[in-house]
Amino acid sequence: MPAWNPSKLSSSLLLNIRNHPILFTSAIAIIPLAALAMPSYHGYIDLGPGGLPHNVFGWVLQGALRPLTLKSTLDHSVFKKPGVSDSYEPHGTTRFLQEPLAQRRGDRPVIPNYVAPQRQATEKGDKALMDRMNNHLQDLASRHPETLAVKSSGLEARDNPALWLVGTPLPKYLTKSTKGEIVHVHSEASSHMVLSLTDAEEAMAKGWAELHPLSGVMGRIPLPYVMIYAPRDEEEFGVWTKFVDAAIAFTTAGQH
């Protein structure tokens, strides 16, 4: 076996660099880019399963969707723009929350900057709370089987239950978007639901909610599709049930 010759190896490497400068510089550039990307990828995986594949392909896809997203998920002035309510009439600007909505205590939870899945990283609820919320949805469906059902979500992971409208014509704003799905709960006890424009704006203004990054974008998700933060105590669980009631009342308005 020939002896290892560092000088010869260095000369060979320099020759390859001279012959393929673009390939070499591209390879060098990938190293810092990969180092920057890995924390983002691991953060995406840490969110858990969602509507996109729970792997590198889902992470790339949500990144590719970034140019389409809202500038801010906290800007509730979008509900005041001319013509916004047209797609949600005749009930889009109706208030369906039956009681005055108090200001939510404290700061908003931290929401990682991913297009999807949308989750909160602080003030998370546990599995017991998530189960209680899903049981509440199931109870509502059991009491109103003519209009409601709990089925697998079409917007989240397939094993994620969701509340759907059934047995009644869907409002136009749901036909091509959620296809009738109106509420689902996430593993950390936040939830997504479709409220009226008025209720969604108030929920956001008083610190209970924010928009999905794709809310109202290209008609695929309704504008008043909001993320409601996880309840932190019994009182906030009660507020959450009122949001669910408002979502049902809005999406079924005029159907009876």
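The figures that follow rest on heavy atoms only: side chains count, while hydrogens, waters and symmetry mates do not. The first residue in the sequence is number 1, and the count goes up from there. Quantities reported herein were computed from a predicted structural model and do not represent experimental measurements.
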Distance-only criterion, 3.5 Å: show the donor-acceptor pairs between side-chain atoms of residues 58-71 and protein atoms not counting sequence neighbours.
residue : atom : partner : partner atom : Å
Trp59   : NE1  : Ser40   : OG           : 2.9
Gln62   : OE1  : Val115  : N            : 3.0
Gln62   : NE2  : Trp59   : O            : 3.1
Arg66   : NH1  : Asn113  : OD1          : 3.4
Arg66   : NH2  : Asn113  : O            : 3.1
Arg66   : NH2  : Asn113  : OD1          : 3.3
Thr69   : OG1  : Arg66   : O            : 2.7

Checklist entry - Under 6.0 Å between ring centres, would you say that holds for Tyr225 and His192? => result yes
Checklist entry - Sub-3.5 Å donor-acceptor pair from the side chain of Thr122 to the main-chain atoms of Val110, do we have one? => result yes
Checklist outcome for this item: To the nearest 0.5 Å, atom NZ of Lys80 lies from atom OG of Ser85 at 10.0 Å
Item to check | Given Asn134, Ile182, Val185, Thr251, the one that forms side chain to side chain contact (heavy atoms under 4.5 Å, CB included) with Leu163 | outcome: Ile182
Next on the checklist: Assigning hydrophobic clusters by single linkage (Ile, Leu, Val, Met, Phe, Trp, Tyr; side-chain heavy-atom cutoff under 4.5 Å), is Met227 placed with Phe79?
Outcome noted: no
Next on the checklist: Can you confirm whether Lys176 is buried at NZ, in the sense that more than 12 heavy atoms of other residues, nucleotides or ligands lie under 6.0 Å from that atom?
Outcome noted: no
Checklist entry - Taking side chain as C-beta onward, heavy atoms only, is Ile221 less than 4.5 Å from Thr178? => result no
Next on the checklist: Under 6.0 Å between ring centres: does that hold for Trp240 and Phe237?
Outcome noted: yes
Item to check | Trp208 side chain near Glu202 side chain, heavy-atom distance below 4.5 Å | outcome: no
Next on the checklist: If we ignore hydrogens and angles and just use 3.5 Å, is the side chain of Gln138 paired with the main-chain N or O of Ala141 as donor and acceptor?
Outcome noted: no
Checklist entry - So if you build clusters from Ile, Leu, Val, Met, Phe, Trp, Tyr with side-chain heavy-atom gaps below 4.5 Å, do Val226 and Leu174 land together? => result yes
Item to check | Any donor-acceptor N or O pair under 3.5 Å, side chains Tyr229, Arg108 | outcome: yes
Item to check | Evaluation steps, salt bridge (charged side-chain N to carboxylate O under 4.0 Å, His left out), between Glu181 and Lys151 | outcome: CA-CA 9 Å; Glu181 182 174 344; Lys151 304 185 292 182; over 6 Å; no
Checklist entry - Looking only at atom types and distance, does a side-chain atom of Glu236 sit under 3.5 Å from a main-chain N or O of Glu234, one as donor and one as acceptor? => result no
Next on the checklist: Is the shortest side-chain heavy-atom distance between Ser196 and His91 below 4.5 Å?
Outcome noted: no
Checklist entry - Does any non-hydrogen side-chain atom of Leu47 lie less than 4.5 Å from one of His54? => result no
Next on the checklist: Tell me the closest heavy-atom pair linking Val244 and Leu140, and the distance in Å.
Outcome noted: CG1-CD1, 3.6 Å
Item to check | Met130 and Lys127, any side-chain heavy atoms less than 4.5 Å apart | outcome: yes
Checklist entry - To the nearest 0.5 Å, what is the distance between CG (Leu52) and CG (Leu155)? => result 11.0 Å
Checklist outcome for this item: When rounded to the nearest 0.5 Å, the distance separating OG1 of Thr198 from CG of Leu97 is 9.5 Å
Checklist outcome for this item: Looking only at heavy atoms, the pair that brings Gly125 and Leu129 closest together is CA-CD2, 3.9 Å
Next on the checklist: Quick one, His186 and Gln120 - any side-chain contact, counting heavy atoms below 4.5 Å?
Outcome noted: no
Checklist entry - What are the two closest heavy atoms between Phe57 and Asn55, and how far apart are they? => result N-OD1, 3.0 Å
Checklist entry - Same cluster or not: are Leu170 and Tyr173 linked, directly or through other Ile, Leu, Val, Met, Phe, Trp or Tyr residues, by side-chain heavy atoms under 4.5 angstrom apart? => result yes
Item to check | Taking every non-hydrogen atom, the tightest pair across Ile111 and Glu210 | outcome: CG1-OE1, 3.4 Å
Checklist entry - For Gln103, does the CD atom sit with more than 12 other heavy atoms under 6.0 Å from it, leaving out its own atoms? => result yes
Checklist outcome for this item: Between the CG atom in Leu223 and the OG atom in Ser177, the distance rounded to the nearest 0.5 Å is 11.5 Å
Item to check | Gap separating the NE2 atom of His212 from the CZ atom of Arg220, nearest 0.5 angstrom | outcome: 13.5 Å
Item to check | ILVMFWY cluster, Val166 and Val150 together (side-chain gap under 4.5 Å) | outcome: no
Item to check | Test salt bridge (charged side-chain N to carboxylate O under 4.0 Å, His left out) applied to Glu156 and Arg119, step by step | outcome: CA-CA 12 Å; Glu156 283 290 333; Arg119 299 288 189 269; 2.6 Å; yes
Next on the checklist: Counting only heavy atoms not in Lys242 (residues, nucleotides, ligands), do more than 12 fall under 6.0 Å from its NZ?
Outcome noted: no
Next on the checklist: Do His184 and Met193 make a side-chain contact, defined as non-hydrogen atoms from C-beta onward lying under 4.5 Å apart?
Outcome noted: no
Item to check | Closest contact, heavy atoms only, Pro117 versus Tyr114 | outcome: O-CB, 4.2 Å
Checklist entry - What do the steps show when you test Leu148 against Leu165 for side-chain contact (heavy atoms from CB on, under 4.5 Å), and what is the final call? => result CA-CA 5 Å; Leu148 300 173; Leu165 298 185; 3.8 Å; yes
Item to check | Test log, rule side-chain contact (heavy atoms from CB on, under 4.5 Å), inputs Phe250 and Asp199 | outcome: CA-CA 9 Å; Phe250 167 53; Asp199 289 342; 5.7 Å; no
Checklist entry - What's the shortest heavy-atom distance between Arg158 and Ser153, and which atoms? => result NH1-O, 3.3 Å
Checklist entry - Step by step, would you call Arg105 with Asp233 a salt bridge (charged side-chain N to carboxylate O under 4.0 Å, His left out)? => result CA-CA 11 Å; Arg105 304 185 313 274; Asp233 54 32; 2.9 Å; yes
Checklist entry - Are the side chains of Arg232 and Arg104 in touch, meaning some heavy atoms are under 4.5 Å apart? => result yes
Next on the checklist: Just checking Asp107: does its CG atom have more than 12 heavy atoms from other residues, nucleotides or ligands closer to it than 6.0 angstrom?
Outcome noted: no
Next on the checklist: Under a 3.5 Å distance rule, please check whether Thr175 uses its side chain to pair with a backbone N or O of Pro171 as donor and acceptor.
Outcome noted: yes
Checklist entry - Roughly how far, to the nearest 0.5 Å, is CD of Gln118 from OG of Ser190? => result 7.5 Å
